[in-house]
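This report refers to the structure that appears directly beneath it.
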Number of protein chains: 2
Amino acid sequence: MKKKVTIKQIARELDVSVSTVSKALRDSKEISLDTRQKVQAFAKLLNYRPNNIAISLKNRKTKNIGVIIPEIVHHFFTTVISGIEREANKAGYNVIVCLSDESFDKEVINMETLANGSIDGFILSLSKETQAKKDFHHLQEAINQGMPLVMFDRIAEEIPCDKVVIDDVDGASKAVKYMMKTGCKRIALLSTVDYVSVGKLRTEGYVRALEESGGKVDESLILKIEDIDNCEKQIAELFDRAGFDGVFAVNELFAVTAMKEAQKRGYKIPEDISFMGFTDGILSKYAFPALTTVAQHGPEMGEMAAKMLIQRLESDEVDDESYVTEVIRTSITERESTKSN
Amino acid sequence: MKKKVTIKQIARELDVSVSTVSKALRDSKEISLDTRQKVQAFAKLLNYRPNNIAISLKNRKTKNIGVIIPEIVHHFFTTVISGIEREANKAGYNVIVCLSDESFDKEVINMETLANGSIDGFILSLSKETQAKKDFHHLQEAINQGMPLVMFDRIAEEIPCDKVVIDDVDGASKAVKYMMKTGCKRIALLSTVDYVSVGKLRTEGYVRALEESGGKVDESLILKIEDIDNCEKQIAELFDRAGFDGVFAVNELFAVTAMKEAQKRGYKIPEDISFMGFTDGILSKYAFPALTTVAQHGPEMGEMAAKMLIQRLESDEVDDESYVTEVIRTSITERESTKSN
DNA sequence: TTTTCACACGAAAACGTTGTAATGACCACC
DNA sequence: GGTGGTCATTACAACGTTTTCGTGTGAAAA
């Protein structure tokens, strides 16, 4: 087990100074061509690789980006991460992923450990608990310390930083209108409790679509699901109590679960009931029938977030406070759970 | 934007030396109780946080673990990551995730960038390309440099390092036997091409189960799918050409796709045909009907891998070469796509 | 009074780099 | 024979810590 080779070793063996080696390796013309070649050859021979940590310490940059998400076992977030990764790697950055597990405390702890030198900037999506608590001091603190921050998807309006979101209201509204166009008259909504920002916004979109097309909102068709793991029961109850010919769900899980319930009850999809979900994930794609959804374009979102962060990191430190919020467009992925129009 | 506060600043303001501050902060009894309290109070006031990079450089430990996986948009890997995360955080480590995108080159590059000081050890699962190429020099090199390495799931037998796998052969064999017990007589196999190690092993399990129960393998019932994105067509062809009353797939995607095909053709599940998959992911859980699968216990795998790595990292550097391979047990998750027995 | 010792603290080196300023050698010019 | 100017190289400080090894002070022991 040969130990890592350092500049110092090369210097000693070649009988020159550390500075000479350092400069030779970076091809500084301060060093004679002769020495440069000699050093480089020797470095290559020893398989020298500069120590990232030392470099980080030296120029106070780590070339690491910290990403904090609530849950990795969640297809949408992984698509965002893969977008971040791609963009970050392109610019020579590594991605450090931390999970908040939807917990406020873990979110704070993760931020604190990362902020102390490990990374140059943050990309994050809020945990449910943080959204419910509305306590954002940790974000503000990071910003105060001059640590750039980009929020995505689950954001906090009140924090001054770059953001990238999708237009949830518009996406949901488009979806509901789409369903109406295919002939749906009574569309049920499967949403989450209101403190989940995206749930709230998508509900808003549902309401808006109905109102804009002259319909009115029937509260009995709206189901707000608290416990995502036990949504079956609540959904079954909705089937018991209300009649509808369309279901719009704010995520794919609810949509698929509802489809299963419908099939168990003998409904034909989409003839009897149409279904649409939000988030174009694997579930939607492989459900039976395949689910028509609002695609969120996670990878693009990740790329965008990474791009914004990196730009700020590399923009000569002039911290102009002109924060922007980018909106990623949604699109409808038509599949088999809705009627063709 | 207040800049990060350092020990040096505290020292200057309190008019003591850096050493004193450092010691006081770590509660060294070399320093008088009085000074200790004064320093600590002041540090707290300024919200001092030690700089991780400097500490890393000093003691040549980063407290970071590098994880390289082929694809993050793959449920199994994310469950493993969440297991790694949990275990790593418990021990005060951060997780740096890199994606190889199933590419050999990206795998090598990722390893190289991480190895130069960013992390203390690796956890990785091979990319398909690496498996096909059988070129493992980058792994060997990491090991030679004294960088501990734990491989999981897609491993290379010939590399001397700790490994954690599931018993694919046994899992597949158990699954097939389970199906036979529920009455299946002719079980088709949906597998991948052979260079994907797990596909090969699971195929082996399928064959073994058949042989052990006195049956013989009908090659026409075995489908090896190359292109995962276009599996529908190949699967449809299998339906055209062969008759069977059970389908065992080496992953959940193939299983679900096959179920859809069966339903389109009017077969009842599980009455006419039973289905089983491998990997207990969301697809299986929310498919209709819900898919009976072999659960791989990704989180446990991740925890195990992290535990092994951390143990090696913290075991006083005595590099005893006694590498172990841990086998995570599989279990069958019974759901609706198979008959009850 | 001198020696010894505990005590509280500080100076400096080290981790591996990079960049600035300094050094020395050599040559040319007046 | 100075003065100036290249040129190649090196010393050193710095990044923020930790840690080893002093060092000076005062009090107890001789």
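Computation of the quantities below employed the complete heavy-atom set of this structure, encompassing side-chain atoms and omitting hydrogens, waters and symmetry-equivalent molecules. Order of the sequence lines fixes the chain letters, A, B, ..., with proteins taken first and strands second; residue numbering starts at 1 for each chain.
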### Task
Give B:L57 one of three labels, base, sugar-phosphate or nothing, depending on what nucleic acid heavy atoms sit under 4.0 Å from its own.
base
### Query
Which part of the nucleic acid, if any, lies within contact of B:K23, taking any heavy atom under 4.0 Å across all strands shown: a base, the sugar-phosphate backbone alone, or nothing?
base
### Task
Flag the pair A:D120 and A:K63 as a salt bridge only when some basic side-chain nitrogen lies within less than 4.0 angstrom of an acidic carboxylate oxygen.
no
#### Entry: Backbone of B:R312 reached by a side-chain donor or acceptor of B:S315 within 3.5 Å
yes
### Query
Can B:T20 and B:S17 be counted as having a side-chain donor-acceptor contact under 3.5 angstrom?
yes
### Message
Over the length of the helix from C:dT1-D:dA30 to C:dC30-D:dG1, how much do the five-pair end axes diverge, rounded to 10 degrees?
### Response
90°
### Task
May I ask you to decide whether B:E303 forms a salt bridge with B:K90, counting only side-chain N to carboxylate O separations under 4.0 Å?
no
#### Entry: Between A:T35 and A:S32: side-chain donor-acceptor atoms closer than 3.5 Å
yes
### Query
Sub-3.5 Å donor-acceptor pair from the side chain of A:S56 to the main-chain atoms of A:K61, do we have one?
yes
### Query
From A:L25 CG over to A:K44 NZ, what is the distance, rounded to the nearest 0.5 angstrom?
12.0 Å
### Query
Using a distance-only test with no angle check, is there a side-chain donor-acceptor pair under 3.5 angstrom linking A:T130 and A:E107?
yes
### Query
If you round to the nearest 0.5 Å, how far is CZ of B:F77 from CZ of B:F152?
5.5 Å
### Start and end of the DNA chain D segment that chain B contacts, any atom under 4.0 Å from a heavy atom
D:dC15 to D:dC21
## Note on the structure
By nearest-nucleotide position on DNA chain C, the 5'-leaning member of A:K8 and A:N59 is A:K8
### Task
Decide whether A:N116 and A:E112 meet the rule of one side-chain donor and one side-chain acceptor closer than 3.5 Å.
no
### Task
Give the first and the last nucleotide of DNA chain C, reading 5' to 3', that has any atom under 4.0 Å from a heavy atom of chain A.
C:dC15 to C:dA21
### Query
Would you say the side-chain atoms of A:N52 pair up with the backbone N or O of A:T62, donor to acceptor, closer than 3.5 Å?
no
### Query
With no hydrogens and no angle check, do the side chains of A:Q311 and A:D162 hold a donor and an acceptor under 3.5 Å apart?
no
### Task
Starting at CD1 of A:I10, measure out to CG of A:D15 and round the result to the nearest 0.5 Å.
14.0 Å
### Contacting residues from residues 14-21 of chain A, given that a heavy atom lies under 4.0 angstrom of DNA chain D
A:V16, A:S17, A:S19, A:T20
### Query
Got a sec? Which of residues 27-35 of chain A come in under 4.0 Å of DNA chain D, heavy atoms?
A:E30, A:I31, A:S32, A:T35
### Task
For A:T6, enumerate each residue passing the side-chain hydrogen bond (donor to acceptor under 3.5 Å, both in side chains) test, keeping only those at least two apart in sequence or located in another chain.
none
#### Entry: Close side-chain approach of B:M151 and B:L139, heavy atoms under 4.5 Å
yes
